[in-house]
Each structure stands twice: as C-alpha cells, then as structure tokens.
Amino acid sequence: MPARNMTQAVQADTSLLQRVEGIARGPLAAIVTDIDLNGHYPLEILRALGEAGALAPHLQRNGADFGLAIQAMATVSRQCGATGFLMWCHMVCGLYLEKAPDRALNTDLLSTHALGHSFGGTALSNPMKALAGIERMALEATPAPGGYRVSGVLPWVSHIAPGQYCGAMARIDGQKGREILFLLRFDGQATLRPCPHFSGMEGTSTWSIRLDDYFLPARDVIAVPAQPLVSVIRAPFILLQAGMAAGIVQGCIDSMLEVEPQLGHVNRFLEDRPDTMQAELDAFTQRALKLARTPGETDTSYLLDVLDVRAHGSELALRASQSALLHQGARGYLSTAAPQRRVREAQFVAIVTPAIKHLRLEMARLMTEELPA
C-alpha cells in the first residue's frame with residue numbers, strides 16, 4: 001500500500017475509534033446500569049455504532065480489518081460488556097451474511113446490517129459444541145420442496161427479537177456431517193420464550209427459540225454442507241471475542257486507578273496491581289491484533305494460537321475483575337458499582353461459547369493431532 005494510502009487508512013481508523021469513544025463515554029455510559037440491572041436492550045446504541053462504521057470494519061467490503069473491529073469492540077466493552085457482546089453477535093452475523101450465495105442476503109440485508117439499520121445475532125453456540133462432541137445438535141432439518149423444514153429448541157440465543165434474525169445451523173435428517181447453515185428469521189414462524197433471569201448481561205435480549213416445522217426457503221440457505229464454511233469462519237468467530245475481554249480488563253484497570261489516590265497506600269499490598277495488569281493487557285492486545293492480520297488462516301498452529309489467546313483473555317478478565325473489586329472494597333460491592341458489574345461480565349466471557357473448558361478441549365485435541373503418540 002502506498003504511503004499516502006497507509007496514512008489515510010490510519011487516519012480513518014483513528015477517526016472511527018474516536019467516534020466509538022464518544023458513543024461509549026457519552027450515551028452508553030449514561031445507561032449502563034439500566035442495561036445491566038434492568039435489562040434494557042440498547043438498540044439505539046448499536047444503531048449509533050453502526051452509523052459510525054463500528055459494526056462492519058471486519059467485512060470484506062471494508063477491507064476485512066479484524067484488528068479495527070476488535071479495537072472498536074474493546075472501546076465499547078470498556079464501558080459495558082453487554083453492549084460489547086452485542087457487537088460481537090452482530091459482527092459474527094455479518095460474517096455469515098457476506099458468505100451467503102443470495103444477493104438479497106450478501107448485499108441487500110448485509111448493507112442494512114452493517115449500518116445498524118437491521119439487527120441479527122448468532123445461534124451457533126450449540127452447533128460449535130455439537131461439532132466438538134460436547135452436546136447434541138439441537139436443530140434438525142428435513143428437505144422439502146423449495147427448501148427445508150426445521151424443528152428443535154435452542155435454550156438461549158442473544159441479540160434477537162421479533163422482526164430480527166440470526167445465523168443458525170441444523171443437521172439434515174440427523175446425519176452427522178450433513179449440516180446446513182442458514183438465516184433464521186423471527187417473522188412469526190419461530191417461537192421466542194423468555195429465559196430464566198441471569199445474574200448479569202440481562203440487556204442482551206437473550207431468548208429460547210422453538211421451531212416446529214419451520215419452513216426455511218432455499219434463498220435463506222447460507223451454506224450446505226455447512227462444515228467447510230464453519231472451518232473458515234471459526235477462527236474469526238473466536239478471535240473477535242478478544243475485543244470483549246480486552247475492554248472489560250481495561251475497565252477493571254480504570255476502577256483500580258479510580259481509587260488509587262485514596263487507597264493506594266493499602267492497595268499496594270494486593271496482587272495484580274493496575275500497572276502489572278496494564279502490561280499484561282497490552283501484551284494480550286498486541287498478540288490478538290497480530291493474529292487479526294491473517295483471519296483467513298486455517299492451519300493448526302494458527303488455530304491453536306487463536307484458541308490460546310481467547311483462553312488467555314478469559315483468564316485475564318477473571319483476574320482483573322476480582323482485583324478491581326478488591327481495590328475498591330465496599331464501594332465496589334454496591335449493586336450499581338462498575339467492579340461488581342465487571343465481575344459478572346468477566347464470568348460471562350469465561351463461559352460464553354467457546355468457554356474456557358471448551359477452548360482447552362479443542363487445544364488438547366489439536367495438539368494430539370499435531371503430535372500423535
């Protein structure tokens with residue numbers, strides 16, 4: 001890339017992140033408690049982020065800049081982990097749409113999706129675990145004239161609502177290796193049921209989905225068989241979550257520094273002090289951004305690095321959130337306190353697919369394949 005174009009790209013990246021920072025520190029920060037405790041679903045924030053260009057840097061039409069996507073997500077997650085997670089859901093759905101063969105999905109819907117004028121998430125938590133042998137595939141598809149009939153129940157899927165959509169996967173006639181990736185539309189055929197009340201992340205619009213003979217038209221099929229496409233998008237799917245982890249850890253460091261003038265004399269006896277956490281976070285972020293330069297790689301060593309950096313992000317978030325709470329003491333234990341919220345957000349990062357245990361399972365499996373006995 002010529003020097004002039006590189007400079008322009010850097011300026012564009014800086015401008016985008018500045019716009020995201022303004023949204024995160026302004027309207028998002030003002031409603032973060034409402035999102036966390038009252039379950040407010042912040043579509044107005046996502047719409048503003050979409051119009052600022054923050055929901056689509058990773059798409060091919062924008063240069064597939066996964067590093068910028070991670071940085072934008074981290075900027076938002078620093079203020080609100082739930083909204084950062086919604087960004088991830090939305091971004092991953094964009095990956096599915098751009099791979100769809102039908103122009104109505106890969107151009108028309110993708111354009112509104114990228115701008116935050118329409119909204120959709122991902123229902124691939126169960127399929128990712130099913131393909132790893134952790135649980136059974138929840139949805140089953142049967143070929144039908146003009147498409148498929150799909151039935152089954154998904155216990156919780158986020159960033160969905162009536163009139164929205166998500167990427168989903170079903171197994172054709174229950175046969176392993178014959179899966180279909182498709183766009184699931186919430187237009188009246190699918191039943192959405194409220195989930196039990198979670199301890200956090202209530203503003204993510206998470207529902208249980210029930211499909212009873214749902215008709216899937218051929219135009220909404222993204223890939224069949226699905227596994228070749230899943231193998232391509234698996235690394236980006238996982239790597240983008242580094243943005244959530246990085247933002248939450250930075251928010252925890254902010255909370256530590258907030259009380260340093262008053263409590264630094266005693267907090268210096270705690271482990272995981274803000275300076276050491278910042279150094280670890282910076283190293284983690286640089287590692288994730290380096291991997292983000294080549295999101296299309298599929299070799300085993302690259303995937304191992306992606307899995308490992310994702311696990312590292314979870315572990316870092318858990319440590320940082322506990323340390324932030326200890327640094328703030330009683331004031332951080334209030335139900336509306338940022339450290340209290342971030343403890344729950346960090347726990348979510350550690351259990352959301354792929355959870356730490358899932359990541360370690362996959363790493364052990366890949367290492368066994370790479371170094372057979």
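One is the number of the first residue; the rest follow in order along the sequence.
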Does Thr107 use its side chain to pair, donor to acceptor, with the backbone of Ala104 at less than 3.5 Å?
no
Please answer whether the main-chain N or O of Arg319 pairs with a side-chain N or O of Ser323 as donor and acceptor at a distance below 3.5 Å.
no
Establish, from distance only, whether the side-chain atoms of Ser15 and Gln18 form a donor-acceptor pair under 3.5 Å.
no
Arg19 (side chain) donor-acceptor with Ala52 (main chain) under 3.5 angstrom:
yes
Regarding Arg268 and Glu260, does a basic nitrogen lie under 4.0 Å from an acidic carboxylate oxygen?
no
Ile209 to Leu192 - nearest heavy-atom pair and separation:
CG1-CD2, 3.9 Å
Is any side-chain heavy atom of Glu362 less than 4.5 Å from a side-chain heavy atom of His358?
yes
Check whether any side-chain N or O of Glu98 sits under 3.5 Å from a backbone N or O of Gln60 as a donor-acceptor pair, and report yes or no.
yes
Does the pair Arg47 and Glu44 meet the rule for a salt bridge (Lys or Arg N to Asp or Glu O under 4.0 Å), with working shown?
CA-CA 5 Å; Arg47 188 171 293 109; Glu44 73 278 20; over 6 Å; no
Below 4.5 Å, heavy atoms only, C-beta onward: do Phe182 and Leu139 meet side chain to side chain?
yes
Is there a donor-acceptor pair closer than 3.5 Å between any side-chain N or O of Arg193 and the backbone N or O of Ser208?
no
Do Leu86 and Val76 pass the side chain to side chain contact (heavy atoms under 4.5 Å, CB included) test, and can you show the C-alpha distance, the side-chain angles, and the key distance before you say yes or no?
CA-CA 10 Å; Leu86 290 172; Val76 169; over 6 Å; no
Would you call Thr75 and Ile23 a side-chain contact if the rule is heavy atoms closer than 4.5 Å?
no
Heavy-atom side-chain proximity of Val157 to Thr206 below 4.5 angstrom:
no
Hydrophobic cluster membership, Leu304 vs Val306, 4.5 Å side-chain cutoff
yes
Under 4.0 Å between a Lys/Arg side-chain N and an Asp/Glu carboxylate O for Asp36 and Arg341?
no
Please check if the number of heavy atoms outside Phe215 that lie under 6.0 Å from its CZ is greater than 12.
yes
Single-linkage hydrophobic cluster Ile233~Val224, side-chain heavy atoms < 4.5 angstrom
no
With side chain to side chain contact (heavy atoms under 4.5 Å, CB included) as the test, pick out the partner of Lys129 among Met137, Glu135, Arg136.
Glu135
Please say which of Val266, Leu270, Asp272 ends up in a side chain to side chain contact (heavy atoms under 4.5 Å, CB included) with His327.
Leu270
To check you understand the geometry: which heavy-atom pair defines the closest contact between Leu95 and Leu240, and what is its length?
CD1-CD1, 4.4 Å
Spacing of Leu49 atom CG and Ile45 atom CD1 [to the nearest 0.5 Å]:
7.0 Å
Close aromatic pair by centroid cut-off 6.0 Å: Phe186 and Tyr165:
no
Considering non-hydrogen atoms only, spot the tightest contact between Cys89 and Ser158 and give its length.
SG-CB, 4.2 Å
The criterion is salt bridge (Lys or Arg N to Asp or Glu O under 4.0 Å); which residues satisfy it with Lys99, sequence neighbours excluded?
none
Any donor-acceptor pair under 3.5 Å linking the side chain of Asp34 with the backbone of His40?
no
List the steps and the verdict of side-chain hydrogen bond (donor to acceptor under 3.5 Å, both in side chains) for Trp207 and Ser205.
CA-CA 6 Å; Trp207 299 80; Ser205 194; 3.1 Å; yes
Exercise: do Gln250 and Gln278 side chains pair donor with acceptor under 3.5 Å
yes
Spell out, yes or no, whether Leu289 and Leu68 are grouped together once hydrophobic residues are joined by side-chain heavy atoms under 4.5 Å, including indirect joins.
yes
With a 3.5 Å distance limit and no angle check, can you tell me whether Trp88 reaches the backbone of Phe237 through a side-chain donor-acceptor pair?
yes
Whether over 12 other heavy atoms sit under 6.0 Å from Glu271 CD
no
Would you say the side chain of Asn62 lies within less than 4.5 Å of the side chain of His58, judging by non-hydrogen atoms?
no
Would you mind checking if Glu179 and Arg171 are paired as a salt bridge, meaning a charged N to carboxylate O distance below 4.0 Å?
yes
Are Phe119 and His113 an aromatic pair, judged by ring center distance below 6.0 Å?
no
Is Val230 reachable from Ile172 through a run of hydrophobic residues whose side-chain heavy atoms are each under 4.5 Å from the next?
no
Quick one: does any side-chain atom of Ser314 pair with a main-chain N or O of Ile356 as donor and acceptor, under 3.5 Å?
no
Taking Arg287 as the fixed residue, which of Asp305, Asp308, Asp282 is the one that meets the side chain to side chain donor-acceptor pair (under 3.5 Å) rule?
Asp308
Is Gln322 atom CD crowded by more than 12 heavy atoms from other residues, nucleotides or ligands, each under 6.0 Å away?
no
Measure the acute angle between the ring planes of His159 and Tyr41, then classify it against the limits of 30° and 60° as parallel, tilted or perpendicular.
perpendicular
Nearest-0.5 Å distance, CZ of residue Phe85 to SG of residue Cys80
12.0 Å
Test item: Asp65 side-chain N/O and Pro57 main-chain N/O as donor-acceptor pair under 3.5 Å
no
When every non-hydrogen atom of Thr294 is compared with those of Glu297, the smallest separation belongs to OG1-OE2, 3.0 Å
How long is the straight-line distance from OG1 of Thr142 back to CG of Leu216, given to the nearest 0.5 Å?
11.5 Å
With sequence neighbours excluded, residues passing side chain to side chain contact (heavy atoms under 4.5 Å, CB included) with Ile351
none
To the nearest 0.5 Å, what is the distance between CD on Gln286 and CG on Leu291?
11.5 Å
Side chain to side chain, Phe284 and Val249, heavy atoms closer than 4.5 Å
no
What's the shortest heavy-atom distance between Glu51 and His117, and which atoms?
OE2-NE2, 3.2 Å
Are a donor atom and an acceptor atom from the side chains of Thr122 and Tyr96 found within less than 3.5 Å of each other?
yes
Say you draw a straight line from CD of Glu258 to CD1 of Ile253; how long is it, rounded to the nearest 0.5 Å?
14.0 Å
Apply the test salt bridge (Lys or Arg N to Asp or Glu O under 4.0 Å) to residues Glu315 and Arg360: give CA-CA distance (whole Å), side-chain angles for both, the deciding distance (0.1 Å), then the verdict.
CA-CA 12 Å; Glu315 292 154 2; Arg360 291 176 179 167; 2.8 Å; yes
Give a yes or no on whether Leu46 and Leu115 share a hydrophobic cluster (residues Ile, Leu, Val, Met, Phe, Trp, Tyr; joining criterion: side-chain heavy atoms under 4.5 Å apart).
no
Can you confirm whether Gln164 sits close enough to Asp187 that some side-chain heavy atom of one is under 4.5 Å from a side-chain heavy atom of the other?
no
Spatial distance of atom CG (Leu281) from atom CG (Leu316) [nearest 0.5 Å]
6.0 Å
Any side-chain to backbone donor/acceptor pair from Tyr148 onto Val221? Under 3.5 Å, distance only.
no
Smallest separation among heavy atoms of Met169 and Ala226, with atom names:
CE-CB, 4.1 Å
Does a side chain donor of either Ser111 or Arg61 reach within less than 3.5 Å of an acceptor in the other side chain?
yes
Under a plain distance cut-off of 3.5 Å, with no hydrogens placed, do Asn38 and Glu202 share a side-chain donor-acceptor pair?
no
